[in-house]
Protein chains: 2
Amino acid sequence: MNRYSKQARLLIAIDCIIFGFDGENLKLLLIHRAFEPEMGKWSVVGGFLQPDESPENAAARILKQLTGLEGVYMEQLEAFGNPSRDPIERVISLTYFALIDINKYTEQLSEEYRPEWFLLKERPELIFDHNEMVEAALKKLRYKAALHPVLFELLPEKFTLPQLQALYTAVYDAQFDKRNFSRKVLSAELLVKQTEKDKEGSKKGAFYYMLDKTQYKDKLQTFVNFVPTPDNFLL
Amino acid sequence: MNRYSKQARLLIAIDCIIFGFDGENLKLLLIHRAFEPEMGKWSVVGGFLQPDESPENAAARILKQLTGLEGVYMEQLEAFGNPSRDPIERVISLTYFALIDINKYTEQLSEEYRPEWFLLKERPELIFDHNEMVEAALKKLRYKAALHPVLFELLPEKFTLPQLQALYTAVYDAQFDKRNFSRKVLSAELLVKQTEKDKEGSKKGAFYYMLDKTQYKDKLQTFVNFVPTPDNFLL
DNA sequence: CCAAAAGTGTTAATTCTACACCCATGT
DNA sequence: ACATGGGTGTAGAATTAACACTTTTGG
């Protein structure tokens, strides 16, 4: 007995929704689709699952091909499997979202894909059901980040509290009280204050913080409370 | 242009982890696998995705075939795609979990599958990676139910507060204070008190409640707070 | 010296937890 | 009448939200 006869076999795509943060706004890394149909149109990064690789590895491979980055925070999102989602042939798409430090992304010369960062709010129309995928990714990111400390993945190793607050402001499109925010964040005991300051953003300068790596892995599983009344962010 | 040539096509399985509640314990509906390999061994309910059906429809179909039930609460879980998870041939499994009212499940005569309910805690070894699937489903159920009112799906239309509390006790394997529990649950304004009592459980009898359906759909998206310190339930 | 952003504390309101007694009824 | 499980209230603790002034320094 060698195969399950009589059953249909389908193509599996892996699609990655890649988020970044420019200090002010959430961004999305999009590519030009490299083959027909819809060649040249904007699309999320993706590729086909190879016969011998796990979906996680495939997602990591695809991300690395485009950005050169490894060890990136990724999370499985959802399977999109509407039979007519791809007009050429049925494809099941397994989606992932990735959070990357936008500064680590050194312009890839990918002639083939001509990737570009877009403001999330100003992203172009995407092919197929990729708009839905982005919506789902954003929703899940908000949900996840309201409960767990994952947004740090979007910042450089050293960052300031004002930067962090700007990030939360961008993700939730909401204002945070500076005093309450810093108190909550620091009370999680995840951050280590550095002695240097960032002088870019202001004359006075803001202290850098770094993640306490030992704590971080444990507390990834922990509920955080940086975002008040998460109710708002669930719809 | 008709197909994406050169790419491998794979089998897609849909597997459902079915939960029930017997008034005291969480249960799992398992079947005997009906074909080789591992024929006769215990397994989660599943089937292959057909060429023209969406994964959601496939999951509903498979659930209906086994239980006769429709309109059941289901949620997509995770894609399992380890290349060697099935020894015969590579299969990508899209998993769902389902919450059913165990009373609505009238013994199916499925000769083929010989399904049985198991106490979650006393479930047998399952084939392939189905043990992992069950773990993931339980984890997600706990996570979800700590934040959203989904556990009602495991109860009959009319239920009492003691029943509901027993359900939470079973799901989280933790004790709840009766007074605090009922106050929290009722403050969500999801339940409508009935005039009749359930006299099964006690001499005094406990009032029945029903979901306020109008509220329910809205509030499914709402954070609930029935479970204290959800931290414990995330690992 | 002044504009611009960083940093910090207090109070009132709300929510949460812990805890114990009375009630209704079937036997 | 009593055993069994159902139902209810309160007080202290903890958490959260709202709010404004001082500090630093580059220009």
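Letters go in sequence order (proteins before strands), and every chain restarts at 1. All values reported here derive from a predicted model rather than from experimental measurement.
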Under the side chain to side chain contact (heavy atoms under 4.5 Å, CB included) criterion, do A/Leu119 and A/Asp22 qualify, and how do the steps go? CA-CA 9 Å; A/Leu119 291 185; A/Asp22 67 2; 4.1 Å; yes

Contact check, side chains of B/Ser54 and A/Asn82, non-hydrogen atoms, under 4.5 Å: no

Considering only heavy atoms from C-beta outward, does the side chain of A/His32 approach that of A/Lys41 to under 4.5 Å?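 The answer is no; the side chains never approach within 4.5 Å.
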
Using 4.0 Å as the upper bound for N to carboxylate O, is an ion pair formed by B/Lys140 and B/Glu75? yes

Measure the distance from [atom1] on [X] to [atom2] on [N] and round it to the nearest whole Å.
{"X": "A/Lys197", "N": "C/dA6", "atom1": "NZ", "atom2": "P", "value": "10 Å"}
{"X": "A/Lys184", "N": "D/dA17", "atom1": "NZ", "atom2": "C1'", "value": "8 Å"}
{"X": "B/Phe181", "N": "D/dG9", "atom1": "CZ", "atom2": "C1'", "value": "19 Å"}
{"X": "B/Asn180", "N": "C/dT14", "atom1": "CG", "atom2": "C1'", "value": "15 Å"}
{"X": "B/Lys193", "N": "D/dG6", "atom1": "NZ", "atom2": "C1'", "value": "10 Å"}
{"X": "A/Gln165", "N": "C/dT8", "atom1": "CD", "atom2": "C1'", "value": "14 Å"}
{"X": "B/Arg183", "N": "D/dG6", "atom1": "CZ", "atom2": "P", "value": "18 Å"}
{"X": "A/Leu186", "N": "C/dG7", "atom1": "CG", "atom2": "P", "value": "10 Å"}

For a quick check under 3.5 Å, do A/Tyr208 and A/Glu196 share a side-chain donor-acceptor pair by atom type?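 Not at all, the side chains of A/Tyr208 and A/Glu196 share no donor-acceptor pair under 3.5 Å.
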
Without hydrogens or angle criteria, can the side chains of B/Thr95 and B/Asp15 be said to hold a donor-acceptor pair below 3.5 Å? no

When you measure from every atom of DNA chain D, which of residues 198-206 of chain A have a heavy atom less than 4.0 Å away?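 Under 4.0 Å from DNA chain D: A/Lys199, A/Lys203, A/Lys204.
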
Sorted by chain and residue number, the side-chain contact (heavy atoms from CB on, under 4.5 Å) partners of A/Lys64 (sequence neighbours excluded) come out as A/Glu70

Quick one: on DNA chain C, does B/Arg179 or A/Arg179 contact a more 5' nucleotide (nearest heavy atom)?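 Looking at DNA chain C, the more 5' nearest nucleotide goes with A/Arg179.
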
Under 4.0 Å: is that the gap between some side-chain N or O of A/Lys178 and OP1 or OP2 of D/dA20? no

If each of B/Asp177 and B/Pro162 is mapped to the nucleotide of DNA chain D with the nearest heavy atom, which maps nearer the 5' terminus, i.e. the 5' end? B/Pro162

